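All remarks here apply to the structure that follows.
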Amino acid sequence: MGIRRAKPTKRQPRAATLTVATFNINNINRRLPNLLSWLKAATPDVVCLQELKAAHDQFPAAELREAGYEAVWQGQKTWNGVAILSRRGEPIVTRTALPGDAHDQQARYIEAAVGGILICSLYLPNGNPQPGPKFDYKLAWFRRLNAHARRLLRSGAPVVLAGDFNVAPTDIDIYPTKSWDDDALVQPKSRAAYARLLNQGWTDAVRALHGDERVYTFWHYLRKRWERNAGLRLDHILLSPELASRLVSARVDRAVRGMEGASDHAPVSVVLQMP
């Protein structure tokens with residue numbers, strides 16, 4: 001019997017753009033219908049997820065694959081958890097934890113290559129209440145992130161740092177109020193750590209294209225803050241210099257926050273021109 005050979009498939013043209021998004025899903029299994037609905041409508045190519053709130057073996061990989069996305073993830077029961085989804089082939093994992101503290105067991109960082117770009121999904125600690133050990137952990141985690149980010153820049157690789165940084169970087173990243181003045185999200189030390197990260201050479205995509213516009217990505221469930229648009233910008237996509245030069249657009253999918261059973265965050269996405 002002869003060997004049956006498959007007919008050669010026609011090579012598909014390379015896509016002209018790549019859409020990368022970040023979304024703090026705030027419990028992936030509880031909000032899976034919301035996530036799948038958004039994925040179908042927005043069709044991002046790569047998605048960084050945070051706050052999975054699911055043990056590693058409870059991640060809904062099959063449902064996401066059915067929706068067209070391969071995934072890599074670090075789960076953790078009850079809290080934390082990060083993932084990277086891709087419809088451009090399976091992400092190739094390079095790290096499953098932020099370096100610098102071998103004793104840190106919190107699932108807050110995952111890094112993978114997708115289509116020649118290094119994608120880093122991160123969930124920076126909240127840090128409340130401050131002062132105290134939780135705020136100290138936040139600042140220590142930030143120092144580790146900054147050290148690793150500097151190494152990534154020096155590598156010359158095209159890199160995306162995306163996730164919930166739990167920092168409103170400036171006063172225009174929070175609605176006019178004094179009610180958050182004691183919160184870790186707006187403390188001078190938190191903002192200074194974020195500024196030091198940008199000063200390495202990273203580009204904050206939303207701020208680069210939206211100037212001084214008040215853009216929010218998070219609205220607390222309490223006190224009708226969504227209805228009043230009393231939000232904060234906590235979710236950021238940072239681009240290495242090569243990718244910053246390819247930045248076409250950046251947006252927040254605000255309507256997702258208004259869905260029934262929504263996360264208290266909305267997805268943020270950027271479009272990059274591909275070579």
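Since the structure is predicted, the reported quantities are computational estimates derived from the model, not experimental observations.
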ILVMFWY network linking Val114 to Val270, side-chain heavy atoms under 4.5 angstrom: yes
Nearest non-hydrogen partners of Ile237 and Ser269, listed with the distance: CD1-CA, 4.0 Å
Test item: Ile172 and Arg207 side chains (from C-beta on) under 4.5 Å apart, heavy atoms: yes
Reported CG-to-CG distance for the pair Asn26 and Leu52, which is rounded to 0.5 angstrom: 10.5 Å
Pro169 backbone acceptor or donor facing Arg233 side chain under 3.5 Å: no
Atom pair CD (Gln50) and CG (Asp235), whose distance is rounded to the nearest 0.5 Å: 6.5 Å
Backbone N/O of Trp219 and side chain of Arg257: donor-acceptor pair under 3.5 Å: yes
Mutual orientation of the aromatic rings belonging to His265 and Phe218 [parallel < 30°, tilted 30-60°, perpendicular > 60°]: tilted
Min side-chain heavy-atom separation Val72-Thr96 under 4.5 Å: no
Nearest non-hydrogen partners of Thr94 and Ala112, listed with the distance: OG1-N, 3.8 Å
Thr22 side-chain N/O to Val268 backbone N/O, donor-acceptor pair under 3.5 Å: no
Residue pair Leu49 / Ser121, side-chain heavy-atom distance below 4.5 Å: no
Residues which pass salt bridge (charged side-chain N to carboxylate O under 4.0 Å, His left out) with Glu70, listed by chain and number, not counting sequence neighbours: Arg65
Side chain Arg144, main chain Pro99, donor-acceptor under 3.5 Å: yes
Spacing of Ser249 atom OG and Leu272 atom CG [to the nearest 0.5 Å]: 8.5 Å
Positive for side chain to side chain contact (heavy atoms under 4.5 Å, CB included) with Glu51, one of Asn24, Asn27, Val82, Ile28: Asn24
Salt-bridge criterion met for Asp173 and Arg191 (N-O under 4.0 Å): no
More than 12 heavy atoms from other groups under 6.0 Å of CD on Glu66: no
Cluster overlap Ile92 with Ile110, hydrophobic side-chain contacts below 4.5 Å: no
Minimum side-chain heavy-atom gap Arg214-Pro176 below 4.5 Å: yes
Shared hydrophobic cluster for Tyr69 and Trp38 (ILVMFWY, side-chain gaps under 4.5 Å): yes
Same cluster (ILVMFWY, side-chain, under 4.5 Å), Phe23 and Phe59: yes
Backbone N/O of Thr43 and side chain of Arg87: donor-acceptor pair under 3.5 Å: yes
Exercise: identify the closest heavy-atom pair between Pro158 and Glu242: CB-OE1, 3.8 Å
side-chain contact (heavy atoms from CB on, under 4.5 Å) evaluation trace for Leu18 with Val271: CA-CA 6 Å; Leu18 183 79; Val271 175; over 6 Å; no
Side-chain donor or acceptor of Arg150 paired with backbone N/O of Gln200 under 3.5 Å: no
Check: Leu185 and Asn126 side chains under 4.5 Å, non-hydrogen atoms: yes
Closest non-hydrogen atom pair between Ala205 and Ala250, with its separation: O-CB, 3.9 Å
Single-linkage hydrophobic cluster Val256~Val47, side-chain heavy atoms < 4.5 angstrom: yes
Donor-acceptor pair, side chain of Lys138 and main chain of Asn166, under 3.5 angstrom: yes
Polar side-chain atom of Thr203 near backbone of Ala244 as donor-acceptor pair, under 3.5 Å: no
Side-chain heavy-atom pair Tyr123, Gln74 within 4.5 angstrom cut-off: no
Donor-acceptor under 3.5 Å (Arg228 side chain, Arg223 main chain): yes
Side-chain donor or acceptor of Thr217 paired with backbone N/O of Leu234 under 3.5 Å: yes
Members sharing Tyr137's hydrophobic cluster (side chains within less than 4.5 Å): Leu98, Tyr109, Leu118, Leu122, Leu124, Trp141, Phe142, Leu145, Leu152, Leu153, Val159, Leu161, Phe165, Val167, Tyr194, Leu197, Leu198, Trp202, Leu238
Spacing of Ser179 atom OG and His220 atom NE2 [to the nearest 0.5 Å]: 10.0 Å
Shortest non-hydrogen contact between Asn80 and Arg108, atoms and distance: OD1-NH2, 3.2 Å
Whether over 12 other heavy atoms sit under 6.0 Å from Arg30 CZ: no
Atom pair CD/CZ of Gln187 and Phe135 - distance to nearest 0.5 Å: 5.5 Å
Heavy atoms from other residues, nucleotides or ligands near CG of Asp212 exceed 12 (cutoff 6.0 Å): no
Validation row: Leu243, Arg246 side chains within 4.5 angstrom (heavy atoms): yes
Side chains of Leu64 and Leu36 in contact at under 4.5 Å (non-hydrogen atoms): yes
Stepwise side-chain contact (heavy atoms from CB on, under 4.5 Å) test for Val46 and Ile84: CA-CA 7 Å; Val46 182; Ile84 297 173; 4.1 Å; yes
Met259 side, atom CE; Asn34 side, atom CG - distance, nearest 0.5 Å: 4.5 Å
